[in-house]
There are 2 protein chains.
Amino acid sequence: MTAEAGRTFVNEGDSADNFFNITSGTARLFKSLPDGRRQITGFAGRGHFLGLAVSNSYAFSAEAIEPVQYCRFSRIKLRQMLDDFPALEKRLLEVASNELVAAQEQMLLLGRKTARERVASFLLSRKLETAACISTTPHVHLPMTRSDIADYLGLTIETVSRTLTSLKADKLIGIPHPAEIVVLNQTGLAAQAGGYN
Amino acid sequence: MTAEAGRTFVNEGDSADNFFNITSGTARLFKSLPDGRRQITGFAGRGHFLGLAVSNSYAFSAEAIEPVQYCRFSRIKLRQMLDDFPALEKRLLEVASNELVAAQEQMLLLGRKTARERVASFLLSRKLETAACISTTPHVHLPMTRSDIADYLGLTIETVSRTLTSLKADKLIGIPHPAEIVVLNQTGLAAQAGGYN
DNA sequence: CGATGAATTGAAACTTGTCAACGGCAGTGG
DNA sequence: CCACTGCCGTTGACAAGTTTCAATTCATCG
């Protein structure tokens, strides 16, 4: 199946009938408050599983940033597969554990890091992810908008923009294009990120 | 096994050799930054599983707030048990999924809610947890200090204290004792919590 | 080339944090 | 039995980081 950019294919609160596996593209996962405030809990790329929710309804929404291709299984089908292939269950547990660790790291970021530390941490984690595909490029590609970054880091667009500008002024990064960041000084950037990453 | 109050029985970064199941008491789970800033990612009570980390080292620390009793299994023993009882794997996946949903809710709180909304949300979720034991009491017991609450909500002790005082002034809660809160107006409190909870 | 939405930049306002003082309660020891 | 001590929680005044509001610039695309 495929979802064009901007398309919401999982809706917070809807009956959790399906289970997804993203095969290409990027999606934002988020929760919303009644007044429209939004918290992006993560970005899901190639290989990401969605819909682990145990309860009857999804706890988050998912929206394509870039065109997303995915496989969709009904919950019933998933149960069948779990019974047929016990290894899958092990794999899912592993995936869930990894996400839990990532979520805890993000809680630390949201609860205790400054704006500068958040943005630096974000760039570094993105760089790691990019490096997994292309070996060691200093380039980081940001498929999401500033608004997405802000909602992921618990900041406003303006603060994200100002912070990037400031990091650029300090020669830690370059910004050839809003969606393209170059890490000029990885060590220096890491020093601004607060933690060890 | 047992851990007296204040005892750290899981240390962030240590080799993740063991797996825990808490049988009584309450522990705080947290991550720290090099300069001492701390984010409590959750409070673990009776029945809680600890140590799901897939990597070789714990991603968080755990410290007893009240005296804690727990069962401890080596990772090897856990693997054995998982092989012998496939149902356990299903259960763990369920547990991990639940924690993931809770973590996402907490990210929303940390990234997008105001201090007042955070404290109100915290009291309500605590009340739910208390209600699970004792039926419908308006009383909420807080075994943790203000410092713990602050580090859980991404605030300072002072802000937590002020906010509680303010909620009391608005007749939404009563504070007979620092560790004992009475919810006087649940609906009103929920309205201050931002979300649906 | 003009239009539209995204990103940047500036100034002012506000929420929360910081620093400091005070009060209360518990445990200790004279 | 009562001062003493230390920790925890509360309160106040002020500072600071981030948000809000507004204007401008920049990219993309028909």
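Every value quoted in this text rests on a predicted model; they were computed, and no experiment measured them. We name chains A, B, ... by the order of the sequence lines, and we start the count at 1 in each one.
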*Asks:* Closer than 4.0 angstrom, basic N to acidic O: yes or no for Arg7(A) and Glu63(A)?
*Replies:* no

*Asks:* Rounded to whole Å, please give me the gap between CD in Glu180(A) and P in dT28(D).
*Replies:* 11 Å

*Asks:* With a 4.5 Å limit on heavy-atom distance, are the side chains of Ile65(B) and Asp148(B) in contact?
*Replies:* yes

*Asks:* How about Asp151(A) and Arg112(B): do any of their side-chain heavy atoms sit closer than 4.5 Å?
*Replies:* yes

*Asks:* So, do Arg37(A) and Thr114(B) sit near enough that their side-chain heavy atoms are less than 4.5 Å apart?
*Replies:* yes

*Asks:* Does Asp84(A) come within less than 4.0 Å of Arg79(A), counting only side-chain N to carboxylate O?
*Replies:* no

*Asks:* Rounded to whole Å, please give me the gap between CG in Leu110(B) and C1' in dT16(C).
*Replies:* 15 Å

*Asks:* Relative to each other, are the rings of Tyr58(A) and Phe20(A) parallel, tilted or perpendicular (30° and 60° limits)?
*Replies:* tilted

*Asks:* Only counting residues at least two apart or in another chain, list the ones meeting ring-ring contact (aromatic ring centres under 6.0 Å, His included) with Phe19(A).
*Replies:* Phe49(A)

*Asks:* Could you say whether Ser147(A) or Arg112(A) is positioned toward the 5' end of DNA chain C, judged by the nucleotide with the nearest heavy atom to each?
*Replies:* Ser147(A)

*Asks:* If the condition is ring-ring contact (aromatic ring centres under 6.0 Å, His included), which residues does Phe60(B) pass it with, not counting sequence neighbours?
*Replies:* none

*Asks:* Taking CG from Asp35(A) and P from dT20(D), how many angstroms apart are they, rounded to a whole number?
*Replies:* 11 Å

*Asks:* Nearest-Å distance, CG (Asp151(B)) to P (dC8(D))?
*Replies:* 13 Å

*Asks:* Closer than 3.5 angstrom, by distance alone: can the side chain of Thr8(A) be matched with the main-chain N or O of Val10(A) as a donor-acceptor pair?
*Replies:* no

*Asks:* Is there a donor-acceptor contact under 3.5 Å from the side chain of Lys127(A) to the main chain of Pro138(A)?
*Replies:* no

*Asks:* Give the rounded distance in Å between these two atoms: CZ of Arg116(A) and P of dT19(D).
*Replies:* 16 Å

*Asks:* Tell me: CG of Asp148(B) to C1' of dC7(D), nearest whole Å?
*Replies:* 14 Å

*Asks:* Counting only non-hydrogen atoms, which of residues 154-176 of chain B are less than 4.0 Å from DNA chain D?
*Replies:* Glu158(B), Ser161(B), Arg162(B), Thr165(B)

*Asks:* Expressed in angstrom and rounded to an integer, what is the separation of Arg146(B) atom CZ from dG17(C) atom C1'?
*Replies:* 18 Å

*Asks:* Compute the angle between the rotation axes at the two ends of the helix from dC1(C)-dG30(D) to dG30(C)-dC1(D), each taken over five pairs, rounded to 10 degrees.
*Replies:* 30°

*Asks:* Might you list the N or O atoms of the protein lying below 3.5 Å from N or O atoms in nucleotides 21-28 of chain C, with each pair's distance?
*Replies:*
none

*Asks:* Check the distance between dA7(C)'s P and Ile181(A)'s CD1 and give it to me in whole angstrom.
*Replies:* 11 Å

*Asks:* Applying ring-ring contact (aromatic ring centres under 6.0 Å, His included), name anything that partners Phe122(A), two or more places apart in sequence or on another chain.
*Replies:* Tyr152(A)

